[in-house]
Structures are given as C-alpha cells and as structure tokens.
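Sequential numbering from 1 along the given sequence is applied to the chain's residues. Because only heavy atoms are used, hydrogens play no part in the values below, and waters and symmetry mates are left out as well, while side chains stay in.
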Amino acid sequence: MQETKITLSEKEIPRQWYNIMADMPNLPKPPLHPATQQPIKPEDLTPIFPMALIEQEVSSQRWIDIPEDVLDIYTLWRPSPLFRARRLEKMLGTPARIYYKYEGVSPAGSHKPNTAVPQAYYNKQAGIKRIATETGAGQWGSSMALAGCMFGLEVTVYMVKVSFNQKPYRRMAMETWGATVHPSPSTVTNSGRKILEVDPENQGSLGIAISEAVEDAATRSDTNYALGSVLNHVVLHQTVVGQEAKKQLALVDDYPDIVIACCGGGSNFGGIAFPFVADKIAGKQLRAIAVEPSSCPTLTKGDFRYDFGDTAGLTPLMMQYTLGHDFMPPGIHAGGLRYHGDSSLVSQLYHDGIIEAKSYGQTSCFEAALMFAKSEAIIPAPESSHAIRAAIDEALLAKEEGKEKTILFCLSGHGYLDLAAYDDYLNGKLSDFEYPDELIRESLSRLPKID
Ligand SMILES: *Cc1c(COP(=O)(O)O)cnc(C)c1O
C-alpha cells in the first residue's frame, strides 16, 4: 500500500523557528517611524508589542527556540499531516508528485494559530492583560481569540464590517472562546468615528480595522496589539510548517522542485517556503511561488517602496510591495488575501528574484477548489484555492512536458466556514475582478515620498 498521509510524532515538532534574515543576500530596509520617517527604535514599539516579539522582529539569529509552553499548545494539532495528493494527480493524469501540507487541522481551521499562540504567550509573560487586534473574514480574530483563551488574556477584535454582517460563524467562534468583537469601522475608536463621520455606510477594510486596533492598544497600558501576518516575527513563527514538511518529504525520500502557497500578507507562504528557500540561497535548485488574487495583485502589480500597514497611517512605514495603504480591494471571497501590502521579507526576496509570484482570478481558483474537493475530499479555504490553482497548473505543465516533478503546496486552511462562497460559485454569482491599473497608480500616488 502506498502512503497517503505522511505523519510525524509529537516529539518531532520543531523546537526552533527558522529566521531567514540570517541567510538573505539583502535584508529589507529598516521600518521607519510614521511621524519622523527615521528608522524606528525598539522603544518606539513598546506601547503595542512585548519586547520579546520586538527582538524577534529585528533578530538576525538563524534559529530561535520555541518556548515549552508554546510547544505544549502546538501538540493540540501539530505536527500537521503532509498528504500525497494521489487522487488529484490521477484526475489530472500528471506524472508530477503533488504533496500538500494541511494546516486546516488547527482548532481555528488555518495556519494562523501557529503565530497567535506564541504572540499570546510573550504578551502574557510581559504582564499584558488584554490584546486588541483586527480581522477580515475572521480567521485571524478567531486564532487570536483561541490563543488568548489558552493563556487567560482578554481579546478584543475589530472585524471588517462587511464580514461581520455576512460571515457570522467566525464571530460566534471568537465569542465562544471569550473574545469581544466590534464591527469596524466602529464608534469605539477615534479612527473609526472619523471614517463614519464622512461615510456612515463604510463597510470597512483591513487597513481601517488595523488603525482601530492599534489605536486601542496604544491608548491603554494593559493592552497590546497583535498582527496575524506581514511582520517578521509572524512569518518566523510560521516556519514550523516548512520545517515539518521537509522532514515529512525526507521520510518518503522526496524534495520539492516547486513550493507554492497563497499570499495575503505572506505568512503561510514564508512559513512553508522559507526553510526550502534557505536551501535555494545555499545553491539548491528550487522554485517558490507566491500566489495572489488578480483583484489584489500586490506583488505582481504593486510598487516596491515604503508604505504604512494601515489606512490611517499609524503604523511604521515598511519597505514592501504595496498597492497603497488606502487601496480598497473589491469584496472577493478570499478575504484573507485582501491586503494592500506584503511582508518585507517576502517582498525583498521577490525583488531579488529569489521567489516568484503569480495572480489568478477567483473563478479559476474556485474551479481548482472543486477539482480538489472532488478528488482529495477536503473543501479548501477560498484563500488556499489560489495555491491549488497554481499547483494544478504546474502539474499540467509537467504533464505537457512529460516531466516528473515534485510539487509541494500549503493548504493553509479548510473552507467549512466559507461555504457561502461555494454556494455563490455554484450558483454562478462569482465574477472576476482585475483591479484597474489606473486605480492602483492613483492609490500609490498618495504615498509619502521617501528616498
Ligand atoms: C489569513 C489566511 C491566508 C492569508 O494570509 P497569509 O499571511 O498570506 O498566509 C491564507 N489562507 C488562510 C486559510 C488564511 O486564513
């Protein structure tokens, strides 16, 4: 019998996170203070982050120990399984070997608890009582609610209003784990009230929700902020995914030619890809592809420059590929991929030609998601379907070329709380949206000019 699931024992959960900053040929330019536009100092960040995370944010140490208390919670769902997608391979008639690392086994259904748990831990250690954060469709908010619950922290979540109204199930999950959830823009913060004064019907965006959460955290001494993607320490925590996948592939004597993941802020991509990209930097042949929606084409159509992380311009300026911090992405179903910017690490590696990027419209992603669900049985998160689309295309190319290739992708989450999106697709209600170049230029023209 051939193996379908390649599993590791709990003893084999990685004990350290891998920090790619130790190996990158060029490090990203430093984050700048939003007011002075000078490089930020660690103490500028202490009003919203614990020192342990600030240290990880700037560390160039290759391996960083995972605390025992974090490992203990990781055992609830880690190591996550690596699947060989035999049924999908057969459906495609490809000579390629397709593997997927399934992060939907976490209690929140995505990779996000891999970082929510250590973030809650370090905040607890620092004596923080409460976390304020934002969420789009609810994946990050529910992961933070879960992690806060594990460590006895209060969690307040600003949830993008359109999702708050249309996608109630993750709000219910957050509340079940004890969190308080506000629709954003809310009347609870100055940034929220300001937006509602001008536009009472505003449906919110991730950028606005971040402004609200940062303001909440900065104005209360018992409260810190937590971000679910983009920042270096977040990507660092996600590297447990790629490290496990490497061990699992070694068990079946394989190694990827291509590593693929969807890319919103870049954390699941960095998480699965960076441990392999380390080998590439050391000389190994490998392609790593970040896949984004064509309605929010940050890497493929954005500019590489300094931009804020939020709409109001409260966060530090980070060097990144960006569509402009006031970019309003259309309401596609892959809510987790609707962010104007990207991780500085992913951006720098893309700029240096070490990784690749690709974009797809949502209908071709849902088509891929259905092929996956009908062959491999798991219903994927709409975000993950972008990785599946790219993996299928690479497998079909391998078929055309008659090449045996090894393709690894990250199935970043399941779609069981996103079934309404499948309902829309099945009833022909989804359309593709290419974000017009003029609008991207317009949004970028409003960015601060920094030499
Ligand atoms: C949030 C999310 C993403 C996108 O975030 P990244 O930081 O780019 O990984 C992808 N997939 C799922 C299931 C998510 O919840």
Side-chain angles (χ1 to χ4, degrees), residues 17 48-50 53 56-57 70 73 103-104 106-123 131-151 153 155-160 163-164 167 170-171 173-174 177 179 181 184 204-214 216-217 224-241 261-272 296 298 309-310 315 318 320 329 334-346 381-384 410 412-413 417:
W17 292 299
I48 60 169
F49 290 122
L53 290 176
Q56 290 180 359
E57 193 61 23
V70 171
I73 294 177
E103 290 298 311
S106 82
S110 76
H111 63 292
K112 290 192 172 79
N114 296 332
T115 182
V117 168
Q119 290 194 48
Y121 168 81
Y122 290 118
N123 275 293
I131 297 286
T133 194
E134 75 290 331
T135 197
Q139 290 100 327
W140 170 244
S142 54
S143 302
M144 201 60 236
L146 159 75
C149 171
M150 295 282 127
F151 286 104
L153 292 172
V155 175
T156 291
V157 183
Y158 295 86
M159 183 173 190
V160 176
S163 301
F164 183 94
K167 304 191 169 180
R170 288 203 183 87
R171 170 178 62 74
M174 289 184 251
W177 281 315
V181 189
S184 164
S205 73
L206 219 42
I208 295 171
I210 295 175
S211 301
E212 292 207 88
V214 169
D216 180 322
N224 266 346
Y225 171 66
L227 191 60
S229 185
V230 179
L231 297 180
N232 300 347
H233 67 266
V234 178
V235 181
L236 173 81
H237 300 155
Q238 292 296 349
T239 58
V240 288
V241 177
C262 66
C263 190
S267 75
N268 91 94
F269 172 77
I272 193 161
C296 191
T298 317
D310 68 324
T315 71
M318 281 173 298
Q320 59 185 313
L337 305 183
R338 291 175 68 215
Y339 183 64
H340 68 271
D342 247 312
S343 140
S344 282
L345 301 174
V346 170
E383 290 83 3
S384 317
C410 186
S412 52
L417 295 178

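Judged by distance alone, with hydrogens and angles left aside, the side-chain atoms of S384 form a donor-acceptor pair with the main-chain N or O of G413 at under 3.5 Å. Under a 3.5 Å cut-off, the side chain of E57 and the backbone N or O of N232 do form a donor-acceptor pair. The closest donor-acceptor contact from the side chain of S163 to the backbone of G136 lies under 3.5 Å.
Looking at F164 and V181, their side chains come closer than 4.5 Å, going by heavy atoms from C-beta outward. When side chains are defined from C-beta on, D310 does not count as touching V214, because their heavy atoms never get closer than 4.5 Å. With contacts defined as side-chain heavy-atom distances shorter than 4.5 Å, the pair F269/D342 does not qualify. At a threshold of 4.5 Å between non-hydrogen side-chain atoms, the residues S106 and N114 do not count as touching. With a 4.5 Å cut-off on side-chain heavy atoms, S142 and T135 do not count as touching. With contacts defined as side-chain heavy-atom distances shorter than 4.5 Å, the pair N268/E103 does not qualify. C296 is not listed as a side-chain neighbour of L337, based on a closest heavy-atom distance of 4.5 Å or more.
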Side chain to side chain contact (heavy atoms under 4.5 Å, CB included), that's the test. Do Y122 and V70 meet it? Break it down for me.
CA-CA 10 Å; Y122 290 118; V70 171; 5.7 Å; no

Are L206 and E134 close enough, and set up right, to give a side chain to side chain contact (heavy atoms under 4.5 Å, CB included), and what steps lead you there?
CA-CA 7 Å; L206 219 42; E134 75 290 331; 4.2 Å; yes

Show your working on side chain to side chain contact (heavy atoms under 4.5 Å, CB included) between V117 and F151 and close with a plain yes or no.
CA-CA 8 Å; V117 168; F151 286 104; 3.9 Å; yes

Step by step, work out the side chain to side chain contact (heavy atoms under 4.5 Å, CB included) result for T115 and S267.
CA-CA 9 Å; T115 182; S267 75; 6.0 Å; no

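A donor-acceptor pair shorter than 3.5 Å cannot be found between the side chains of Q119 and H237. With no hydrogens or angles considered, no side-chain donor-acceptor pair links Q139 and S110 at under 3.5 Å.
Ring geometry for H233 versus F49: interplanar angle over 60°, hence perpendicular rather than tilted (30 to 60°).
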